[in-house]
Amino acid sequence: MNKSSSWKKRLFYSSPLILGYLVSVQASQHQQQEVLTSQHHGTEYEGRQLYLSAIQQLEVIEKKFINHSSSSNEPTSFTDRIIQRVTQLWSPLLPTTNDYELDMLKQNEFSNAIQLLERSAREFQQDDALLLLADLNFYSKYAYPRNYHDAFNYYHELADKGNATAQQMIGFMYATGIAVKRDQSKALLYHTFAAHGGDTTAQMTMGYRYLLGIGTDEKCQDALYHYKNVATKVMDYYLSGPPGGHTPPLSKVRLSEENGGVYGYGASVTTEKKSRHGSNEKTVSIDEILQYWRYLAAKQDVDAQLMLGQVYYLGTRNIPRNFDEAFQFFYQIVNKIPDHGKVPLKNGKAIGQAAGYLGLMFWRGEGVKVDPKMAYKWFSIGNDLNDATSQNALGMMYLDGIVLPKNRDKAIEFFKKSADQENPNAQVNLAIELAQSDATLPAAINLFAKAAEAKHLLAFWYLANMNERNIVQRPSCRVAVSYYKAIAERGDWLYPTVEDAYSAYMKKDKESALLNYMLAAERGYEVAQSNVAYMLDTDKQMLTHFPFLGKEIDETEQKPIIEGVDEKELALIYWTRSANQNNIDSQVKMGDYYYKGIGTAVDYEKAVACYRLAAEIQSSPLAYWNLGWMYENGIGVTKDFHLAKRAYDQALNTDQDAYLPVKLSLIKMYIKYYWEWITGHEVGPPLQSDPHDLRRKHRKEKQENGWDDIGEEMKHKYKLMKQKEREESEEMMDDSYGLDEFSEQDELIESLLILGLCILIGYLVYVRQFRFGGNGNAAGNDGRNQPNINNNP
């Protein structure tokens with residue numbers, strides 16, 4: 001007992017000492033931790049300061065070299081080409097600017113900033129500095145000279161640290177062969193790491209690769225997984241905006257449109273309707289159109305005021321959004337409401353629309369302070385005038401209890417009124433409410449489908465979910481993926497690579513444009529794929545072998561846009577990918593490349609397969625013509641005049657603009673047919689036209705219900721009004737060529753007449769040249785036989 005009590009006493013008296021020791025040890029450890037933390041923060045702060053200081057220096061240097069940034073000076077006219085050719089011939093005698101010397105000068109200027117970034121990345125482990133070093137070399141940021149090999153090394157170093165952005169860029173470089181040998185397996189590996197690391201663009205790339213089986217097997221569920229991740233991010237951003245969501249980006253630009261499509265005006269199928277029948281659009285400037293509409297608006301033309309208000313409110317590619325201008329024009333319209341409140345029928349619709357737009361501006365805070373009560377006032381006026389936008393907005397106010405008390409039944413009533421006027425927003429809102437009941441689910445699906453035709457993001461989202469969850473009658477994984485893909489590409493606010501590419505293209509920076517289009521093409525953008533192929537296409541002109549007319553006499557003299565890549569092979573790859581996404585002209589281009597051996601070996605059978613697919617499934621008149629020519633000459637297929645004639649006839653039946661080339665081709669074919677018949681070759685039975693083909697009506701162009709771009713609608717109405725002024729007293733010409741009245745004999749007679757006329761013209765030209773040539777020779781002989789009077793002695 002004594003020993004036990006003494007032990008307890010010792011423990012009792014020594015416990016304060018033990019506790020004090022433990023507290024001192026803990027305090028010492030805490031102090032050491034604080035020292036280490038402060039050192040770490042100091043190190044991180046110093047590295048960050050070096051990074052920011054380098055950016056400041058880069059911004060200063062960029063302003064100095066901004067005028068020397070890479071640009072494309074490709075000649076666009078015959079005169080420009082002649083001048084360029086003469087300049088090339090005299091280039092050894094003319095002083096020129098050495099690009100290499102300019103790059104060396106730039107590197108000297110950038111050396112200090114690069115050293116700061118290197119220190120920040122190496123000594124202080126600043127990944128942002130390492131990423132900027134890579135981007136400087138790849139994107140030529142701040143006018144820094146490009147070096148793809150250095151960019152690859154920086155990206156690779158950062159990718160090894162697990163950076164998803166760098167992993168995505170390494171995957172892209174392996175996929176396209178920039179700075180490294182093309183390797184689709186490594187591209188897939190790095191894109192997979194980046195996608196699982198949360199990189200949005202890599203997720204799009206993986207979704208597209210799994211969808212079409214690029215570098216891997218087709219796996220629809222994996223494509224669905226990746227595209228849904230991207231679509232979810234897009235919808236979160238879309239719904240985070242003002243009431244009604246963020247305004248979607250402008251529609252993407254197809255570069256071939258400026259030349260009427262891949263094959264030019266009339267021959268191209270994948271092109272806007274406005275470009276199919278000539279290049280008159282280019283003769284009208286946007287300033288001229290705006291001036292015309294402003295002139296009408298100044299004369300109190302309500303339609304002109306409404307048009308200008310819509311243009312400035314929605315914005316176009318040529319006219320940026322201007323809420324102040326839009327507000328003024330809308331307000332001019334609503335000021336026409338009489339004091340007694342009775343609106344004349346003539347201006348009722350325009351006033352209602354203007355009131356609806358004013359309501360949106362006050363509700364969304366666009367150009368004015370957010371004021372839901374003022375918005376409700378304008379929506380009420382618009383509703384009285386049966387404006388669909390106002391009716392949909394009032395439905396949303398009733399549904400969410402904004403200004404008005406919550407009332408779902410009233411909300412559905414307003415949604416129905418607006419949806420009956422084909423308002424996509426109302427169709428989606430009504431469909432969401434109807435989808436909550438199994439009895440009205442089919443009606444909801446139909447409404448979503450209608451809104452999807454107007455490219456409404458929420459309609460895409462719900463249709464994708466319904467297909468994924470097997471709610472629709474015929475669910476499809478690929479349909480769900482296509483809707484998620486459409487969301488990802490339509491709502492690319494956070495990764496506007498296609499817009500960056502187009503901006504660079506408009507600045508004549510072809511290399512930056514091509515790089516960004518290639519980045520977007522790898523993510524599955526069809527428009528980017530066709531743009532890349534179009535930029536790399538070397539098969540745009542027929543007369544390249546004539547001096548001064550073609551871009552170059554020898555194609556080997558052309559400097560590649562991106563060094564080290566096989567541009568012809570890449571062009572074929574992207575034509576193929578674009579064709580796989582239902583681009584008809586790209587399908588025909590594939591056939592041209594296989595026929596001519598561009599980027600691949602000559603393969604006439606594959607060319608025929610491409611033409612047949614574009615012709616029979618997608619009704620391309622040019623593909624029909626190509627098939628006719630190949631059947632006529634027996635290239636890639638067995639020679640068959642009957643199938644050739646049928647293909648030529650189908651080309652004409654498909655597109656009436658093909659009348660002249662088809663007729664000339666038929667004349668040539670008839671001559672060849674009868675010549676072979678005369679010489680005893682097998683030609684088959686007599687040629688006859690298919691009466692069903694000849695009596696078939698010409699295909700009518702699809703009339704669009706609306707316009708994706710309000711600016712195009714403004715141009716269209718402007719042209720219609722000017723045309724009406726010019727042709728007020730003229731009769732409209734008949735669109736038909738009267739082929740349904742032709743018989744086989746009529747067609748043959750017409751062909752013979754055209755042939756005879758061509759022979760007559762050729763004969764007259766020959767006689768004229770022979771006569772003038774004979775006179776010249778006679779004059780020359782007279783001159784030689786006449787004695788020289790001055791030399792006679």
Side-chain angles (χ1 to χ4, degrees), residues 262-264 266-269 537-546 572 575 579 584-655 657-690 693-694 744 747-748 750-752 754-756 758-759 762:
V262 172
Y263 289 101
S268 303
V269 176
D537 185 30
T538 59
D539 189 37
K540 292 189 178 78
Q541 291 184 329
M542 296 177 59
L543 303 178
T544 54
H545 59 283
F546 283 99
L572 177 59
W575 282 131
I584 304 175
D585 293 332
S586 296
Q587 188 75 50
V588 180
K589 265 291 181 182
M590 281 180 61
D592 294 346
Y593 273 49
Y594 283 119
Y595 177 81
K596 299 177 181 179
I598 302 175
T600 184
V602 173
D603 193 328
Y604 296 130
E605 287 77 12
K606 285 186 178 181
V608 170
C610 292
Y611 294 145
R612 181 176 287 115
L613 183 63
E616 297 179 355
I617 297 180
Q618 299 173 319
S619 299
S620 167
L622 186 58
Y624 273 122
W625 190 93
N626 289 343
L627 274 179
W629 189 89
M630 299 187 83
Y631 274 117
E632 177 188 346
N633 294 279
I635 298 178
V637 291
T638 303
K639 182 184 289 188
D640 192 321
F641 288 110
H642 300 82
L643 290 179
K645 185 178 186 308
R646 181 182 298 176
Y648 285 140
D649 289 341
Q650 288 286 35
L652 184 56
N653 292 333
T654 304
D655 188 358
D657 291 336
Y659 179 80
L660 182 59
V662 167
K663 283 301 178 183
L664 293 176
S665 299
L666 286 171
I667 291 171
K668 178 174 65 71
M669 190 196 70
Y670 273 118
I671 294 173
K672 185 180 295 186
Y673 172 84
Y674 286 115
W675 174 256
E676 294 195 8
W677 176 71
I678 292 172
T679 55
H681 292 83
E682 179 62 32
V683 293
L687 294 176
Q688 292 182 354
S689 297
D690 186 349
D693 286 343
L694 289 178
E744 174 64 21
E747 184 178 2
L748 180 59
E750 179 192 14
S751 300
L752 292 176
I754 295 176
L755 175 61
C758 293
I759 294 174

Contacts of [X] that satisfy side-chain hydrogen bond (donor to acceptor under 3.5 Å, both in side chains) - sequence neighbours left out:
{"X": "Ser586", "result": "Ser578, Asn583"}
{"X": "Thr638", "result": "none"}
{"X": "Tyr593", "result": "Asp537, Trp575"}
{"X": "Tyr648", "result": "Glu632"}

Of all residues at least two apart in sequence or in a different chain, which pass the side-chain contact (heavy atoms from CB on, under 4.5 Å) check with Ala647?
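Checked Ala647 against side-chain contact (heavy atoms from CB on, under 4.5 Å); matches are Leu627.
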
Please list all pairs passing the salt bridge (Lys or Arg N to Asp or Glu O under 4.0 Å) test where one or both residues lie in residues 621-631, with sequence neighbours left out.
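Sorted result for residues 621-631: empty, none.
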
Do Val608 and Tyr631 make a side-chain contact, defined as non-hydrogen atoms from C-beta onward lying under 4.5 Å apart?
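Side chain of Val608 against side chain of Tyr631, heavy atoms only: no contact under 4.5 Å found.
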
Side chain to side chain, Val269 and Gln618, heavy atoms closer than 4.5 Å:
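Of all side-chain heavy-atom pairs linking Gln618 with Val269, none is under 4.5 Å.
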
Least distance between heavy atoms, [X] atom then [Y] atom:
{"X": "Ala614", "Y": "Ala623", "result": "CB-CB, 3.7 Å"}
{"X": "Leu643", "Y": "Asp640", "result": "N-OD1, 3.1 Å"}
{"X": "Ala644", "Y": "Met669", "result": "CB-SD, 3.9 Å"}
{"X": "Ala651", "Y": "Val662", "result": "CB-CG2, 4.1 Å"}
{"X": "Met630", "Y": "Val637", "result": "O-CG2, 3.6 Å"}
{"X": "Ser619", "Y": "Pro621", "result": "O-CD, 3.5 Å"}

Tyr624 side-chain N/O to Arg646 backbone N/O, donor-acceptor pair under 3.5 Å:
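No.
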
Measuring from atom [atom1] of [X] to atom [atom2] of [Y], what distance do you get when rounded to the nearest 0.5 angstrom?
{"X": "Cys610", "Y": "Tyr594", "atom1": "SG", "atom2": "OH", "value": "6.0 Å"}
{"X": "Leu660", "Y": "Leu664", "atom1": "CG", "atom2": "CG", "value": "4.5 Å"}
{"X": "Thr538", "Y": "Ile598", "atom1": "OG1", "atom2": "CD1", "value": "5.0 Å"}
{"X": "Leu622", "Y": "Tyr611", "atom1": "CG", "atom2": "OH", "value": "7.5 Å"}
{"X": "Lys672", "Y": "Lys668", "atom1": "NZ", "atom2": "NZ", "value": "4.5 Å"}
{"X": "Ile671", "Y": "Leu666", "atom1": "CD1", "atom2": "CG", "value": "11.0 Å"}

Can you list every pair that meets side chain to side chain donor-acceptor pair (under 3.5 Å) and has a residue in residues 595-610, with sequence neighbours left out?
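For residues 595-610, and leaving out neighbouring residues, the side chain to side chain donor-acceptor pair (under 3.5 Å) pairs sorted by first residue read Asp539-Lys596.
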
Should the pair Tyr670 and Tyr674 be assigned to parallel (<30°), tilted (30 to 60°) or perpendicular (>60°) ring geometry?
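Ring orientation of Tyr670 relative to Tyr674: parallel.
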
Quick test of your reading of the model: are Lys645 and Asp649 salt-bridged, counting only N-O distances below 4.0 Å?
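Answer for the salt bridge query: yes.
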
